[in-house]
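Data block below; observations after.
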Amino acid sequence: MAELLIKGKQMVSGIPNETNCEGFFVAIEAGKIIDVGIGDASHLTKTNTTVVSLSDNQWLVPGFVDLHIHGGYGVDVMDHSDEGLQHLKQSLTREGTTSFLATTITQSISSIEEVIHQVTVHPNQGGAEIVGLHIEGPFINEVRKGAQPAQYIVDPAVELMKKWTDLAPGKIKQVTYAPEKPDGLELTTYLRKQAINPSIGHSDAHYDEIALAIDNGLNQATHLFNGMRPLHHREPGVVGTALLRDELDVELIADGIHIHPHMIQLAWKVKGTNRCLLITDSMRAKGLSDGMYELGGQDVQVKDGQATLEDGSLAGSILSMNEAITNMINFSGCTFEEAIQMATYNPARKINVLDRKGTIEVGKDADLVIWEDGKVVSTFCKGSHYS
């Protein structure tokens, strides 16, 4: 049975219920969940088997899956540092993230290719797992560039993307781009054929342009409301089209800065739980103090929870995934289980790793989070325990 929430003596599947159980257990062996049950676990006597138990006020939930991370804890994916990636992976366990897409920024082709190669060969041992790459830029619209460096923006190019997919077979899971740019539709078609999510972002597209891209396979919107043509009563823009069209899932940065809490509520009410993906879009300064940092070769000031360029543009976030979940509940009025779904099941489904991530289920990776009073108590990444 697949579970999203397990609490103390209570097991919850699908819609929350109040059925009391004598007790539950989740057993882990060799990094996998080998049993999820109710009652006596005394039969699990092997020395290499771990049995997870909770206090009455604790929840067990699947590990969080973040589709959009540029960095955190002093590290940027574009640093091209294996030591840095390892530090980031270890640090992300503090917030319950057990899987993530290493996300690039618009930079030189050679710099992006170095990251693609590095992530492809990086030993995925210890801490959160890098389950793939999110290529954000360089195929974007300079009109909506946000914190993406303008000098490296280029038009969509299928041949270049083919080079990248050949360099990293099966590793590129998502590409953020502007489909209205020249050859944008050709790139959309290619990405879908490669089972890569084409995600509209940093785009100035109109409804008709987006509708055509949807016909060619567009299926997602990157950080909804940010870096895109806004909603207008005479032109839906990217925001209005993303809200209207069921084909598009939407990323949400629930920090109360990138999106006003009531707009988070609006997006959730319109799209529904199944179409929302909680992300952090975090940058190097996450987990650190206020000060000056760097993103894509640009100076970023972090002050009072907000990261901005000199011109005032938002430059990623310092949001943690556990904060995103708590904020989503407070902003939208969704349930805890719905917020968990948006941080686990939905993103795992989106990037085709639901066969091993996203729920508590026998045979899946033992990626688990013990949650209590809005805080991450412990995290398990493939059975390894972090606290």
Side-chain angles (χ1 to χ4, degrees), residues 67-68 70 78 101-117 119-120 132-224 226-230 235-242 244-245 247-251 296 350-352:
L67 304 183
H68 198 147
H70 293 283
M78 303 299 294
L101 296 185
T103 305
T104 62
I105 191 173
T106 300
Q107 277 288 301
S108 67
I109 300 303
S110 61
S111 182
I112 293 171
E113 288 179 354
E114 188 173 347
V115 173
I116 292 171
H117 173 72
V119 169
T120 301
L133 285 149
H134 173 179
I135 306 298
E136 184 179 15
F139 310 128
I140 61 174
N141 194 320
E142 59 278 2
V143 175
R144 304 290 177 181
K145 67 181 181 63
Q148 304 279 328
Q151 66 268 35
Y152 298 114
I153 294 173
V154 299
D155 287 339
V158 171
E159 284 305 310
L160 181 57
M161 183 55 64
K162 186 177 188 304
K163 179 185 178 184
W164 291 350
T165 54
D166 289 344
L167 184 63
K171 288 289 186 180
I172 299 175
K173 301 292 187 180
Q174 180 170 314
V175 173
T176 292
Y177 72 114
E180 75 275 13
K181 298 290 285 182
D183 296 326
L185 292 181
E186 289 79 1
L187 180 62
T188 308
T189 301
Y190 176 77
L191 293 174
R192 284 308 296 268
K193 286 182 178 178
Q194 298 298 311
I196 298 169
N197 290 323
S199 189
I200 186 170
H202 296 284
S203 165
D204 200 43
H206 295 80
Y207 178 88
D208 289 343
E209 293 171 315
I210 304 166
L212 193 56
I214 290 172
D215 291 342
N216 283 268
L218 181 71
N219 69 359
Q220 189 169 309
T222 296
H223 46 50
L224 184 67
N226 298 111
M228 56 182 60
R229 178 179 283 272
E235 166 52 50
V238 183
V239 171
T241 309
L244 181 63
R245 295 295 295 262
E247 298 92 338
L248 301 182
D249 295 338
V250 297
E251 292 183 349
K350 192 68 184 182
I351 59 170
N352 298 314

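Numbers for residues simply follow the sequence, beginning at 1.
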(request) May I ask you to decide if Glu180's main-chain N or O and Asn141's side chain share a donor-acceptor pair within less than 3.5 Å? (result)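 A pair under 3.5 Å: no.
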
Working to the nearest 0.5 Å, report the span between [atom1] of [X] and [atom2] of [Y].
| X | Y | atom1 | atom2 | value |
| --- | --- | --- | --- | --- |
| Leu248 | Asn219 | CG | CG | 7.5 Å |
| Leu101 | Leu67 | CG | CG | 5.0 Å |
| Leu167 | Lys162 | CG | NZ | 12.0 Å |
| Ile112 | Met78 | CD1 | CE | 5.5 Å |
| Asp166 | Gln194 | CG | CD | 8.0 Å |
| Leu187 | Leu160 | CG | CG | 9.5 Å |

Looking only at heavy atoms, what is the nearest atom pair of [X] and [Y], with distance?
| X | Y | value |
| --- | --- | --- |
| Glu113 | Lys163 | OE2-NZ, 3.1 Å |
| Ala213 | Leu185 | CA-CD2, 3.6 Å |
| Arg144 | Ser203 | CG-O, 3.3 Å |
| Asp183 | Pro156 | CB-O, 3.7 Å |
| Asn352 | Ala195 | ND2-O, 4.1 Å |
| Leu224 | Ala242 | CD1-CB, 3.7 Å |

Do [X] and [Y] come within less than 4.5 Å of each other through their side chains, counting heavy atoms only?
| X | Y | result |
| --- | --- | --- |
| Glu209 | Pro179 | no |
| Ile116 | Ile135 | yes |
| His117 | Lys171 | no |
| Val154 | Phe139 | yes |

Distance only, no hydrogens: is a donor on one side chain within 3.5 Å (strictly under) of an acceptor on the other, for [X] and [Y]?
| X | Y | answer |
| --- | --- | --- |
| His68 | Gln174 | no |
| Thr165 | Tyr190 | yes |
| Thr188 | Tyr177 | yes |

(message) Test side chain to side chain contact (heavy atoms under 4.5 Å, CB included) on Thr189 and Val158; report intermediate values, then the result.
(response) CA-CA 9 Å; Thr189 301; Val158 171; over 6 Å; no

(message) Working note: Gln107 + Glu114, criterion side chain to side chain contact (heavy atoms under 4.5 Å, CB included); need CA distance, chi angles, decisive distance, verdict.
(response) CA-CA 11 Å; Gln107 277 288 301; Glu114 188 173 347; over 6 Å; no

(request) Just do the side chain to side chain contact (heavy atoms under 4.5 Å, CB included) check on Asp204 and Arg229 with the steps written out, would you? (result) CA-CA 5 Å; Asp204 200 43; Arg229 178 179 283 272; 3.0 Å; yes

(request) Using a strict 4.0 Å threshold on nitrogen-to-oxygen distance, state whether Glu142 and Lys181 make a salt bridge. (result)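 Judged by the 4.0 Å cut-off on N to carboxylate O distance, Glu142 and Lys181 do form a salt bridge.
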
(request) Step by step, work out the side chain to side chain contact (heavy atoms under 4.5 Å, CB included) result for Glu136 and Ile105. (result) CA-CA 5 Å; Glu136 184 179 15; Ile105 191 173; 5.9 Å; no

(message) Would His134 and His70 count as a ring-ring contact (aromatic ring centres under 6.0 Å, His included) here? Give the steps.
(response) CA-CA 9 Å; His134 173 179; His70 293 283; 7.3 Å; no

(message) If we check side-chain contact (heavy atoms from CB on, under 4.5 Å) with Met228, which of these qualifies: Val239, Thr241, Ile210?
(response)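 Of Val239, Thr241, Ile210, side-chain contact (heavy atoms from CB on, under 4.5 Å) with Met228 is met by Val239 alone.
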
